[in-house]
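For reference, the structure is listed below as structure tokens.
To find a chain, count down the sequence lines: A is the first, B the second, and so on, and within it residues start at 1. When reading the values below, keep in mind they use all heavy atoms of this one structure, side chains included, and skip hydrogens, waters and symmetry mates.
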Number of protein chains: 2
Amino acid sequence: MADARRGPRERMVFSAAQLIRRDGVTATGMRDVAAHAQAPRGSLQHYFPGGKEQLVGEALAWAGRYAGDRVARFCAGMAEPTPGGLFAAMVRQWTDEFESAGFAAGCPVAAATVDCAGSAAPVRAAAADAFAAWTGPVARALAGMGVPAERAGPLATLMVSALEGAIVIARAEQDVRALATVARELAPLLDGSVVRAG
Amino acid sequence: MADARRGPRERMVFSAAQLIRRDGVTATGMRDVAAHAQAPRGSLQHYFPGGKEQLVGEALAWAGRYAGDRVARFCAGMAEPTPGGLFAAMVRQWTDEFESAGFAAGCPVAAATVDCAGSAAPVRAAAADAFAAWTGPVARALAGMGVPAERAGPLATLMVSALEGAIVIARAEQDVRALATVARELAPLLDGSVVRAG
DNA sequence: CGCCGACTATGACAGCTGTCATAGTAGCGG
DNA sequence: CCGCTACTATGACAGCTGTCATAGTCGGCG
């Protein structure tokens with residue numbers, strides 16, 4: 001949980017992301033973050049002079065980077081990468097977590113958007129950047145699988161949208177049904193978008 | 001805003017839904033709800049002895065009912081109903097609101113799920129019911145358009161998932177791009193699921 | 001040693017939260 | 001008129017929030 005190898009600053013960013021995705025931005029207190037990271041409370045104002053907005057913003061940037069990096073790892077793990085296979089891997093990551101760790105935590109970017117889109121502009125912008133850092137690698141991966149360039153971006157947006165929505169529904173229902181459904185129903189459309197060379 | 005025709009109780013439920021979808025559950029105070037509904041603060045404990053959980057639960061039930069009822073109205077407004085057309089109408093409702101009223105407010109059910117799934121079980125259950133009250137009519141509408149019974153439910157879940165996710169992304173980006181994308185990309189899949197009679 | 005910067009510790013601050021207790025008022029049937 | 005119910009009004013409560021001010025403690029460098 002509190003990995004001492006990483007510095008206290010990075011630990012707090014990581015902990016903020018974890019608490020946000022569980023309880024939302026508003027319900028996550030600065031003191032909670034410090035305690036969860038096993039970091040001194042006084043370090044908060046030292047490392048994050050911009051206050052809560054800065055901490056939340058960095059947590060979202062971290063989450064976006066993490067999600068984007070995972071995409072490449074999913075592709076590397078597949079024998080013959082297909083769009084439907086990539087989407088299945090993205091979905092499986094969530095079904096695995098829900099089934100092993102429960103439905104308490106969702107996506108931190110979605111949580112921050114829902115909590116702050118109408119109030120804190122900098123956080124909202126950080127959420128948009130995080131989505132971009134996630135959707136971009138997905139679109140590039142699709143293009144690498146033979147999806148025409150002009151369709152890779154829209155399909156990536158569709159994949160992330162469906163996944164985010166299914167995450168929310170799964171948490172409400174406490175059942176991975178919605179995740180399994182979107183993976184199954186979307187696969188033909190995704191795989192059908194590949195243009196075979198030769 | 002504060003429709004005097006409806007009683008103060010119903011006004012508070014309505015106001016709660018509006019404030020929740022804008023600021024989230026945690027950031028929405030009981031005093032705010034009473035003020036927004038132009039209802040006396042003392043009425044809160046009178047009409048909602050179950051406290052905030054009851055108020056939020058009723059707001060979600062109202063939202064779910066409202067979304068479900070809209071589906072029938074969308075179908076009635078279409079000359080020849082198709083799955084893609086229904087989804088386009090559901091999406092358009094949101095693009096219209098975002099473009100006219102800004103991106104401050106999203107879906108109250110998603111907001112409550114993100115805020116409470118890990119903490120308040122009754123609210124989480126109310127969110128699940130609200131999703132069911134929304135997805136059910138969508139599935140029945142699909143079935144009425146010629147979609148095989150065993151596919152109507154899953155496709156309805158896919159539609160709601162994609163819409164919810166696109167709403168979140170649109171709010172983060174302050175752009176209806178994601179909504180337009182999911183409507184366009186999903187239409188062929190939806191319309192292709194119709195089995196022609198004869 | 002002295003000094004300085006990085007980091008930590010702690011207490012205070014005003015403001016807000018949901019909830020409760022208590023009292024008060026209006027309306028109406030009898 | 002009483003009495004009752006439905007509803008309103010208001011103040012208090014403990015607990016939490018983000019932020020700030022102030023002081024303290026290291027470690028290393030000259």
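When hydrophobic clusters are built by joining Ile, Leu, Val, Met, Phe, Trp and Tyr residues whose side-chain heavy atoms come closer than 4.5 Å, directly or via intermediates, A:Val33 is not grouped with A:Ile20.
When the C1' atom of C:dA21 is taken as reference, atom CG of B:Leu44 falls 16 Å away, rounded to whole Å. One interatomic measurement links the two molecules: CZ of A:Phe48 to P of D:dC20, which rounds to 16 Å at whole-angstrom precision.
In terms of heavy atoms, A:Ala132 sits closest to A:Pro137 at O-CD, 4.2 Å.
Using a 30° and 60° split on the angle between ring planes, A:Phe14 and A:Trp62 fall in the perpendicular class, above 60°.
Between B:Val114 and A:Arg21 there is no side-chain heavy-atom pair separated by less than 4.5 Å.
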Each nucleotide in nucleotides 6-18 of chain C should get exactly one letter: B, S or -. Can you fill that in based on protein heavy atoms under 4.0 Å? SBBBBBB----SB

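Judged purely by atom type and a 3.5 angstrom limit, B:Asp32 uses its side chain to pair as donor or acceptor with the backbone of B:Gly29.
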